[in-house]
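As structure tokens, the structure follows; a few thoughts come after it.
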Protein chains: 2
Amino acid sequence: MLIDAHTHIVPEKFPDFSRRKNGIRWPQMDPVDACSARVMISGKNFRTVRDNSWSVQRRTEEMDTEGVHRQVLSPMPKLYSYDCHAPDALDFCRYVNESIANMVQAQPDRFFGLGIVPLQDADLAARAIEEICALGLRGVEIGTNVNGRSLGEPEFLPFFKEASRQKIAIFVHAQDPTNSERFTGAHLLENLIGFPQENTLAAATLITGGTMEHCPHARFLFSHGGGGFNTVLARLEQGYDTMEQFLPQRPRQYISNFFFDSLQYDAGAIRHLLASFGSHRVVLGTDYPFAIREQPPGKYLNELQELSKAERERVQYKNCLEFLGLSEN
Amino acid sequence: MLIDAHTHIVPEKFPDFSRRKNGIRWPQMDPVDACSARVMISGKNFRTVRDNSWSVQRRTEEMDTEGVHRQVLSPMPKLYSYDCHAPDALDFCRYVNESIANMVQAQPDRFFGLGIVPLQDADLAARAIEEICALGLRGVEIGTNVNGRSLGEPEFLPFFKEASRQKIAIFVHAQDPTNSERFTGAHLLENLIGFPQENTLAAATLITGGTMEHCPHARFLFSHGGGGFNTVLARLEQGYDTMEQFLPQRPRQYISNFFFDSLQYDAGAIRHLLASFGSHRVVLGTDYPFAIREQPPGKYLNELQELSKAERERVQYKNCLEFLGLSEN
């Protein structure tokens with residue numbers, strides 16, 4: 001059994017939001033041929049995607065070929081729309097969420113779904129959780145920052161408190177990194193250098209900003225293995241022990257509901273994730289269907305010969321079910 | 001034999017630079033008692049330090065107690081002075097460098113020294129290398145950014161080309177992180193979250209910005225294990241393979257003269273460094289004599305029971321000698 005916790009979708013088309021008076025940056029799909037389309041954002045091609053981004057049939061064919069039993073579907077992060085007028089963004093999120101719910105309903109034994117919310121308005125995002133659950137989705141995907149603000153900032157607490165109360169799954173996925181003037185070189189580095197930075201900051205500031213103190217039961221999966229968060233956590237612990245007790249509890253006390261995907265393209269990195277957080281906290285993820293994805297799924301996990309059958313099964317699917325709130329326990 | 005590659009000094013006192021017309025932020029030492037002083041920067045206490053920051057006798061006593069045979073001395077990074085008028089900063093660097101040279105000369109069998117240069121003017125910094133070598137120092141310590149600019153920016157190439165030509169050692173140590181508005185919580189997080197971010201960016205941008213393409217023989221030691229650089233390097237490789245060949249060679253081809261210290265406060269992290277870069281690239285470092293230091297030196301390295309004698313000796317001192325240009329090979 002293999003569940004891929006980190007896969008993305010793009011709907012085949014979007015309604016025409018362009019006449020909304022606050023409408024900016026609304027995506028449009030520009031078909032290239034029968035099997036692919038350009039995702040146009042602000043009139044520019046953000047990415048050309050194939051029909052495995054929206055077609056249930058194409059996805060399940062590829063899953064069968066690659067031995068993946070189930071996927072967790074989450075929107076392509078560029079669709080977050082945090083920079084839009086919040087009520088308009090909510091309408092956009094609803095459309096995307098319904099698209100995902102339709103995919104899940106078409107093949108409920110193959111897919112789980114996560115939706116998106118207008119986190120630029122934490123109260124509005126909190127109220128949107130109920131309809132996400134009503135669609136049969138397991139939770140949400142959120143960015144590592146919201147218009148440049150870290151997730152640990154107190155303004156996001158109303159959302160996390162409600163997410164914690166409703167026990168939904170929260171998949172944290174990088175997009176639009178800050179600090180990009182430091183990524184000397186190709187534009188691509190916003191993704192390659194920026195995403196690990198972002199995932200590190202997301203996990204760290206949910207602790208240092210006090211979110212986990214207030215929402216100890218909120219359940220998070222950090223993409224790309226949490227970037228370099230395991231390294232930062234050890235440094236937070238050392239600073240706490242030797243310099244200043246900057247939190248009510250030790251930093252490591254706050255990670256009991258953190259999961260990390262295995263998407264670091266290196267067997268040694270997965271081994272270090274397992275050593276850092278335990279075999280019950282690492283979840284298989286691949287970034288399917290995008291170019292940078294791990295292919296075949298489990299490529300690096302399979303190199304870890306030393307894992308027991310029980311440990312391997314946890315990473316391959318059991319931990320993901322627990323993250324989704326579907327644990328048999 | 002144990003060499004600690006990552007230790008800092010602060011001179012016992014500074015000359016009065018305050019009447020320099022461009023003088024800003026010049027440090028002054030404000031004695032607290034016979035054994036400690038406040039480092040005053042812009043009139044504020046940056047850090048209270050003890051006499052083991054400057055006293056050769058106190059340091060060698062503590063080294064003897066902790067089983068450290070030799071230390072590499074580098075200035076406390078707050079002394080870089082990159083935000084000062086460059087010619088004034090050069091005078092300040094000279095004073096600090098002479099202080100280190102005096103410590104080395106007092107106990108040449110116990111200390112190696114690294115100096116500082118006014119990297120805000122790369123040509124001036126390049127010209128300063130010769131006098132650093134004349135003082136008997138093995139190379140320089142530099143920041144991970146210079147007034148917010150990444151090390152991989154082309155403006156720093158004149159310095160790195162000269163450093164490569166003269167075969168000096170370059171110790172890269174974080175200070176003054178950018179992106180600090182993202183470190184939600186205590187001020188201390190500029191260090192605890194910021195330094196790993198900075199070390200990651202320094203190592204990554206020396207590759208992505210083209211520095212290593214132009215200076216393949218420049219020799220670097222990255223502090224704090226390079227932050228999360230090993231994680232980012234795997235992602236750079238995956239992006240290179242699947243998205244765009246954004247460099248003339250694969251990213252990993254550029255790290256053959258990179259060293260990383262072991263200062264990650266976690267045996268598993270050192271194990272991952274060794275797996276990522278090989279046992280010839282990891283160097284013991286502790287941050288002596290500051291509060292956050294690893295104590296006793298080698299605490300986490302000693303947990304790695306699986307290392308061979310040869311591997312352990314490389315990390316304990318042989319790699320450091322190679323970094324310093326003193327390899328027996």
Side-chain angles (χ1 to χ4, degrees), chain A residues 145 148-154 178-179 181-189 191-193 195-197 200-201 204-210 224-225 227-240 242-244 246-247 264-269 271-272 275-276 291-295, chain B residues 145 148-154 178-179 181-189 191-193 195-197 200-201 204-210 224-225 227-240 242-244 246-247 264-269 271-272 275-276 291-295:
Chain A
N145 74 69
R149 302 277 293 167
S150 281
L151 293 185
E153 295 292 336
T178 60
N179 208 30
E181 67 282 3
R182 296 289 309 278
F183 309 156
T184 317
H187 177 69
L188 182 62
L189 302 175
N191 175 319
L192 301 183
I193 296 179
F195 282 18
Q197 167 197 283
T200 306
L201 289 173
T205 65
L206 285 169
I207 296 171
T208 60
H224 311 99
F229 172 68
N230 43 8
T231 294
V232 166
L233 180 61
R235 190 168 176 81
L236 289 171
E237 291 267 306
Q238 179 77 1
Y240 189 87
T242 63
M243 298 176 79
E244 181 192 324
F246 53 89
L247 289 166
Q264 298 203 316
Y265 309 109
D266 175 27
R271 189 177 282 123
H272 184 35
S276 300
I292 198 171
R293 77 185 177 107
E294 177 178 301
Q295 191 177 20
Chain B
N145 75 69
R149 302 277 292 167
S150 281
L151 293 185
E153 295 292 336
T178 60
N179 208 31
E181 68 282 3
R182 295 291 307 280
F183 309 156
T184 316
H187 177 70
L188 183 63
L189 301 175
N191 175 318
L192 302 183
I193 296 178
F195 282 17
Q197 167 196 282
T200 305
L201 289 173
T205 66
L206 285 168
I207 296 171
T208 60
H224 311 100
F229 172 67
N230 43 9
T231 295
V232 166
L233 180 61
R235 190 167 175 84
L236 290 171
E237 292 266 307
Q238 179 76 2
Y240 189 88
T242 63
M243 297 176 79
E244 180 192 324
F246 54 88
L247 289 167
Q264 299 201 316
Y265 310 108
D266 176 26
R271 189 177 282 124
H272 184 36
S276 301
I292 198 172
R293 76 184 179 109
E294 177 178 302
Q295 191 176 19

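Letters go in sequence order (proteins before strands), and every chain restarts at 1.
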Rounded to the nearest 0.5 Å, how far does OG1 of A/Thr242 lie from CD of A/Glu237? 11.0 Å

With respect to chain B, which residue among A/Leu206, A/Leu189, A/Ile207 yields the maximal number of heavy-atom pairs within a distance under 4.5 Å? A/Leu189

Closer than 3.5 angstrom, by distance alone: can the side chain of A/Tyr265 be matched with the main-chain N or O of A/Ile292 as a donor-acceptor pair? yes

Answer yes or no: is there a donor N or O on one side and an acceptor on the other, between the side chain of B/Thr178 and the main chain of B/Gly148, under 3.5 Å? no

Sort A/Phe229 into side chain, backbone, both or neither according to what part of it lies under 4.5 angstrom from a heavy atom of chain B. neither

Counting heavy-atom pairs closer than 4.5 Å to chain B, which one of A/Asn145, A/Val232, A/Leu151 comes out on top? A/Asn145

Side chains of A/Leu188 and B/Met243: closer than 4.5 Å at any heavy-atom pair? yes

Between B/Asp266, B/Leu236, B/Thr200, B/Asn191, which residue shows the highest count of heavy-atom pairs closer than 4.5 Å to chain A? B/Asn191

For chain B, find which of A/Glu181, A/His224, A/Arg293 contributes the most heavy-atom pairs closer than 4.5 angstrom. A/His224

If you count heavy-atom pairs under 4.5 Å between each of B/Ala269, B/Ala275, B/Ser276, B/Gly228 and chain A, which one has the most? B/Ala269

Taking every heavy-atom pair that is under 4.5 Å apart, which of A/Gly210, A/Pro154, A/Pro196 has the most such pairs with chain B? A/Pro196

Ranked by heavy-atom pairs below 4.5 Å to chain B, first place among A/Gly268, A/Gly185, A/Ala186, A/Ala204 goes to A/Gly268

Which atoms of A/Gln197 come close to chain B, meaning under 4.5 Å heavy atom to heavy atom: side chain ones, backbone ones, both, or neither? side chain

With sequence neighbours left out, the residues meeting side chain to side chain contact (heavy atoms under 4.5 Å, CB included) with B/Arg149 are B/Glu153, B/Glu155, B/Phe156

Is the shortest side-chain heavy-atom distance between B/Asn179 and A/Arg182 below 4.5 Å? no

Non-neighbouring partners of A/Phe183 that pass ring pair (Phe, Tyr, Trp, His ring centres under 6.0 Å), sequence neighbours left out: none

